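First up is the structure itself, then whatever we jot down about it.
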Amino acid sequence: ADRRMLVRMRRERVVVDEKDGFHEHPRATFIGPRAMEYFHSWGIAQQVLDQAVPQDFRQDVAFTETVAGAELGRLRYPTIRQMLDRSPKIVEDYPQLAWSRFAKVVIGQSNLEPVLFDAAEAFECVRNLKGFRCQSFMENEDHVAVTGESKSGRRFRVETKYLVGCDGGRSMVRQGIGATFEGLGEVGRSVNTYFDCPDLLDAIGKESAAIYWSLKPGATGAILAVDGRRKWIFSRHLLPGETFSEDQDPSASILAAIG
């Protein structure tokens with residue numbers, strides 16, 4: 001399987017990314033075992049773990065009245081150190097480690113993106129077009145013709161066997177092939193605030209966790225670890241009938257959830 005993966009990775013490809021750099025906001029903060037297995041096959045699993053939370057940081061999900069208040073329950077997951085050590089007791093306690101050498105890993109997307117970019121840059125067959133945007137494509141019998149330009153007006157045209165749209169639900173590629181959504185639209189609303197607080201764990205006096213859920217009325221949401229040290233996200237989940245105005249103070253929402 002690894003040999004087939006290496007053959008596929010040596011095929012020439014072009015990566016078009018509208019961003020000039022990387023996301024400053026951590027956005028997503030979890031990687032599952034399947035993604036980590038891919039990173040292992042690409043030879044970058046250790047680089048990813050080096051940018052994740054500390055090895056002894058607990059990657060649990062804690063449910064609280066408020067983050068500093070009563071803890072109502074906790075879903076336990078192995079730390080990175082436990083995942084790597086794989087002692088018989090740890091594998092017994094966490095059966096998912098029998099399925100994969102990896103468990104979930106907490107890492108901010110802002111830390112992961114540079115690792116992936118550097119890995120892609122290491123392959124001579126990969127051409128990165130950062131700061132460029134795809135504008136149109138035409139599907140032909142034996143290839144797809146793609147055109148686009150940079151913010152400064154530099155244009156490009158590529159002919160490729162496959163075009164893959166990895167740019168989300170509003171993808172230009174999705175629209176171009178006529179893909180539509182089915183099912184529910186909005187299932188909930190949330191407002192995310194990225195904040196710096198090096199003393200949070202000491203202040204709440206609890207075991208570390210990847211996610212602390214606050215169930216306090218008026219402050220429902222989750223505080224998510226980004227680096228396991230000082231970077232956090234508060235995702236304020238709005239209940240039916242609640243709104244979050246633009247002039248609302250994010251700090252007040254965070255403090256209400258912490259308690």
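None of these values were measured; they are calculated from a predicted model.
Shown here are the ring pair (Phe, Tyr, Trp, His ring centres under 6.0 Å) partners of Phe39, two or more places apart in sequence or in another chain: Trp42. With sequence neighbours excluded, the residues forming a side-chain hydrogen bond (donor to acceptor under 3.5 Å, both in side chains) with Lys89 are Asp93, listed by chain and number. Under the ring pair (Phe, Tyr, Trp, His ring centres under 6.0 Å) criterion, His25 pairs with Tyr194, sequence neighbours left out. Asp142 meets the side-chain hydrogen bond (donor to acceptor under 3.5 Å, both in side chains) test with no other residue; sequence neighbours excluded. Checked against side-chain hydrogen bond (donor to acceptor under 3.5 Å, both in side chains), Asp17 has the following partners two or more places apart in sequence or in another chain: Lys19, Lys130. Listed by chain and residue number, Arg230, Lys231 satisfy the side-chain hydrogen bond (donor to acceptor under 3.5 Å, both in side chains) test with Asp196 (two or more places apart in sequence, or in another chain).
Sorted by first and then second residue, the salt bridge (Lys or Arg N to Asp or Glu O under 4.0 Å) pairs involving residues 32-53 (not counting sequence neighbours) are Glu37-Arg101. Applying the side chain to side chain donor-acceptor pair (under 3.5 Å) rule to pairs touching residues 235-244 yields Asn192-Ser235, Thr220-Arg236, Ser235-His237, Arg236-Glu242, sequence neighbours excluded.
For the residue pair Ser152 / Ser150, a side-chain donor-acceptor distance below 3.5 Å is found, with atom types taken as modelled. Judged purely by distance below 3.5 Å, without hydrogens or angles, the side chains of Gln109 and Glu113 pair a donor atom with an acceptor atom. At a cut-off of 3.5 Å, with distance as the only test, a side-chain donor of Gln135 or Arg155 sits close to an acceptor on the other residue.
What you find for Thr79 and Gln55 is that their closest heavy atoms are CB-O, 3.3 Å.
With a 4.5 Å cut-off between side-chain heavy atoms of Ile, Leu, Val, Met, Phe, Trp and Tyr, the cluster of Met138 takes in none. Hydrophobic side-chain contacts under 4.5 Å tie Phe22 into a cluster, directly or through other members, with Phe117. Counting Ile, Leu, Val, Met, Phe, Trp and Tyr side chains that sit under 4.5 Å apart, directly or through other members, Val146 shares a hydrophobic cluster with Val14, Val16, Leu129, Phe132, Phe137, Val144, Phe156, Val158, Leu163, Met172, Val173, Ile177.
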Taking only distance into account, with no hydrogens and no angle test, what donor-acceptor pairs under 3.5 Å do side-chain atoms of residues 208-218 form with protein atoms, sequence neighbours excluded?
{"from": "Ser208", "atom 1": "OG", "to": "Arg58", "atom 2": "N", "distance (Å)": "2.8"}
{"from": "Tyr212", "atom 1": "OH", "to": "Glu207", "atom 2": "O", "distance (Å)": "2.6"}
{"from": "Tyr212", "atom 1": "OH", "to": "Ala209", "atom 2": "N", "distance (Å)": "3.2"}
{"from": "Ser214", "atom 1": "OG", "to": "Ala219", "atom 2": "O", "distance (Å)": "2.9"}

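Contact annotation: the side chain of Phe63 approaches that of Leu75 to within less than 4.5 Å [non-hydrogen atoms, C-beta and beyond]. At least one side-chain heavy atom of Thr29 sits less than 4.5 Å from a side-chain heavy atom of Ile233.
Remark: Arg174 qualifies as a cation-pi partner of Phe181 under the 6.0 Å distance and 45° angle criteria applied to the six-membered ring.
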